[in-house]
Amino acid sequence: MEKIAVYPGSFDPITNGHIDIINRGLRCFDKLVILVGYNPVKTFLFSVEERISMIKDLIGDNPRVEVDSYEGLIVDYVEKIGASVILRGLRALSDFEYEFQMALINRRLDRNIETVFLMTGSRWFYTNSSIIKEAASMGGTVRGLVPDSVFQKLKEKYPKLKNNG
Ligand code: ADP
């Protein structure tokens, strides 16, 4: 049977850290669905449509990866598409408590679904979308932390963003 994992997140925008988790997730699962979330408590730089389109551009036509969005509970989405795993990435210790809470609540909501964590690649330990946006908004170059196509989109939002560095 095909092993499908759902990788949910904000991806605002997708970073090299996310891509590392996607590539490594593909070694563990037959198929990955990247689920772009509408998180009611967060404000986003990019719309859901923009985030999906950036991810799709990067994935190309890999038949093992899909991109989708969903407004409800992640476990409901996972159940709906016949998957059984939620994939998440772990960085610094500061991720742990929130991820632990999420994994426990999701298990309480649906005992048939397991959350699987992959440790970040060491190069991406301190990379997250928020810190990248913060640096970019003040003109700091973030090249190398996001794919070039995403860098260009950040430049459209933050004209001060420098090319070099
Ligand atoms: P969320 O708002 O759900 O945390 P994010 O887009 O920030 O969404 O992250 C989605 C998932 O990707 C989370 O599991 C997060 O821990 C993981 N992730 C984000 N950045 C990295 C990184 N640099 N290395 C490994 N995992 C990461």
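In listed order, ligands and their atoms are each counted from 1. The first residue in the sequence is number 1, and the count goes up from there. Computed from a predicted model, the values in this text were never measured in an experiment.
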Are Arg143 and Phe151 in a cation-pi contact, defined as NZ or CZ under 6.0 Å from the six-membered ring centre and within 45° of the axis? yes
Can a donor-acceptor pair be found, under 3.5 Å and without considering hydrogens, that links the side chain of Asp68 to the backbone of Leu35? no
Lys42 bridged to Asp12 by N-O distance under 4.0 Å: no
Sequence neighbours excluded, the answer for side-chain contact (heavy atoms from CB on, under 4.5 Å) partners of Arg64 is Leu26, Asn62
Check for a donor-acceptor pair, side chain of Asp30 on one end and backbone N or O of Ile4 on the other, with a separation under 3.5 Å. no
Do Lys157 and Glu50 meet the salt-bridge criterion of a basic N to acidic O distance under 4.0 Å? yes
Ligand 1: protein residues within heavy-atom distance under 4.0 Å: Tyr7, Pro8, Gly9, Ser10, Phe11, Gly17, His18, Ile21, Lys42, Arg88, Gly89, Arg91, Asp95, Glu99, Thr120, Trp124, Thr127
